[in-house]
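Some notes on the structure that comes next.
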Protein chains: 2
Amino acid sequence: MVATKKSEPRGRRRSFDVDEAVETAMRLFHARGYDAVGVAELGAELGIKPPSFYAAFGSKAGLFERALRRYAAGEANIFARALAEGGDVATVIARTLALAAALYPGQNGTAGCLVLDGARNSADPEAQALADAAKREGCAAVRDFIATEAPDRADALADLVVVAMMGMSAAARDGADRDRLERVAAMMDRAFRRELSGA
Amino acid sequence: MVATKKSEPRGRRRSFDVDEAVETAMRLFHARGYDAVGVAELGAELGIKPPSFYAAFGSKAGLFERALRRYAAGEANIFARALAEGGDVATVIARTLALAAALYPGQNGTAGCLVLDGARNSADPEAQALADAAKREGCAAVRDFIATEAPDRADALADLVVVAMMGMSAAARDGADRDRLERVAAMMDRAFRRELSGA
DNA sequence: ATTTTTTTGTAGCGACCACTATAAAAAATC
DNA sequence: GATTTTTTATAGTGGTCGCTACAAAAAAAT
């Protein structure tokens, strides 16, 4: 194994870090929503000009897709984090709601959930479809997990959890702080346990 | 009382009905959000040209304000409707949630609540401020009513109700139908009763 | 050193944004 | 009928939108 070092690509090297650019775009889209962040601002913030932007990401929606994937693959995927720590359905859902209350207040204006609210009211059908697909994925994961204990009522119970998360995301975007969200999360958790135990 | 008939205003008569125009604008803003509806489309749908538009409403945000007031003054103000029928706190909140489940699926694409979601992710600070003021008004009404029975826990209980409504509005905008919303509303109602009765 | 490939910056595309200057049309008052 | 007042339609303002044509610059391969 001498020549494992892959040869450099042929042309001029990129002058910016793609992952870093996706991270910055993710933050901007999260803070103000898809439509409110223009390509000009993205380019300025990322330090790249339009041709480099389109060579790297294809389109504004292409960058949004990368940002959504990065978001769902990181610590913002609160259900995945709650699930990873193990436990029964009630425990994991309680953890999920608590993580939402901790994460959704955000910082630097990045409140709520990018997947749930990033493309809300967007005029671009492509952005709407991307966010919608990410939502379906997350909701299906919650539903399937709940179904392991309550297959009959999984749909209703998942709806309760998802509506709670959407409501908390919206409230956070409207300025609700961590204390208020934690209070709501605790009540939502009690509601979920009650419904799960077969009210 | 002979001359009670007020004299006609002096100039040329308006060729369109202002209230009807506000109604149409309300429907458009409700369906797609503030930013996604342009002045050109509004003018076309209302059958009026830009100068008439600005003479009547001052600005796009001015028309949005009229639409918000009309919305909050009508049957879309579900808490006011629930309150008008009387009853104790638990009864009125249950009615509010049930009305949300009935109203939020909407028709012709007008899903969710215009006040809660009409200016979400808007790039216009004026539209955001108008929607925010309407939200505060509605939330304060819920809080003050709950305070008549539970003054200590009114803030937390109102947060529970408002987060439930925001979540149901978001879910409706994402396509949730009436059956699903009613199931969620019933669970939220049980949660509220449990918290009100002092868990 | 020349060729080839990729990224870069400059400049600008047509389309749409909210909004307005101007003057003609339609009504009441004189 | 002439004057005054308001609304109308035509046309266009500067600005921003997402996106692209073009050629110079920077790298590897020859």
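For clarity, every value in this text was computed on a predicted model and none was experimentally measured. Just so we're on the same page: letters track the sequence lines, and every chain starts at 1. Keep in mind that the numbers below use all heavy atoms, side chains included, and drop hydrogens, waters and symmetry copies.
If you run ring pair (Phe, Tyr, Trp, His ring centres under 6.0 Å) between A:H30 and each of A:Y71, A:F64, A:Y104, only A:Y71 comes through.
Using a 4.0 Å cut-off between charged nitrogen and carboxylate oxygen, B:R190 and A:E195 count as a salt-bridge pair.
Within a 6.0 Å sphere centred on CD of A:E149, other residues, nucleotides and ligands contribute more than 12 heavy atoms.
For B:F192, the ring-ring contact (aromatic ring centres under 6.0 Å, His included) test picks out no residue, with sequence neighbours left out. Partners of B:Y54 according to the ring-ring contact (aromatic ring centres under 6.0 Å, His included) rule, which considers only residues two or more places apart in sequence or in another chain, do not exist here. In this structure B:E45 satisfies the side chain to side chain donor-acceptor pair (under 3.5 Å) test with no other residue, sequence neighbours excluded. In this structure B:R69 satisfies the salt bridge (Lys or Arg N to Asp or Glu O under 4.0 Å) test together with B:E65, sequence neighbours excluded. In terms of the side chain to side chain donor-acceptor pair (under 3.5 Å) criterion, A:R10 has no residue partners (sequence neighbours excluded). Applying the salt bridge (Lys or Arg N to Asp or Glu O under 4.0 Å) criterion to B:D189, with sequence neighbours excluded, gives B:R193.
With a heavy-atom cut-off of 4.0 Å to chain A, the contacted part of DNA chain D has its first and last nucleotide at D:dG18 to D:dA29.
The shortest distance between the side-chain N/O atoms of B:R10 and the OP1/OP2 oxygens of C:dT29 is not below 4.0 Å. Within the structure, every side-chain polar atom (N or O) of A:S52 is placed at least 4.0 Å from both OP1 and OP2 of C:dT7.
Remark: P of C:dT7 and CZ of A:F57 are 12 Å apart, rounded to the nearest angstrom. Rounded to an integer number of Å, the gap from NZ of A:K49 to C1' of C:dG9 is 7 Å. As a whole-Å value, the separation of A:L46 CG from C:dT8 P is 12 Å.
A heavy atom closer than 4.0 Å to some atom of DNA chain C occurs in A:S15, A:F16, these being the qualifying members of residues 15-22 of chain A.
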Show every donor-acceptor pair shorter than 3.5 Å between a side-chain atom in residues 92-102 of chain B and any protein atom, with sequence neighbours excluded, or say none if there are none.
unit_1	atom_1	unit_2	atom_2	d
B:R95	NE	B:E85	OE1	3.4
B:R95	NH1	B:A82	O	2.7
B:R95	NH1	B:G86	O	2.8
B:R95	NH2	B:G86	O	3.1
B:T96	OG1	B:V92	O	2.8

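Over its full length, the helix from C:dA1-D:dT30 to C:dC30-D:dG1 turns its helical axis through 10°, comparing axes from the five pairs at each end and rounding to 10°.
The heavy-atom pair separating A:I48 from A:F57 by the smallest distance is CD1-CE1, 4.4 Å.
Applying the salt bridge (Lys or Arg N to Asp or Glu O under 4.0 Å) test to residues at least two apart or on different chains, the pairs with a partner in residues 98-120 of chain B are A:D174-B:R120, B:D117-B:R120.
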Reading nucleotides 12-19 of chain C from 5' to 3' and marking B where a protein heavy atom lies under 4.0 Å of the base, S where only the sugar-phosphate is that close, and - otherwise, the string is ------SB
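For the atom pair A:L160 CG and A:D155 CG, the distance stands at 12.5 Å (nearest 0.5 Å).
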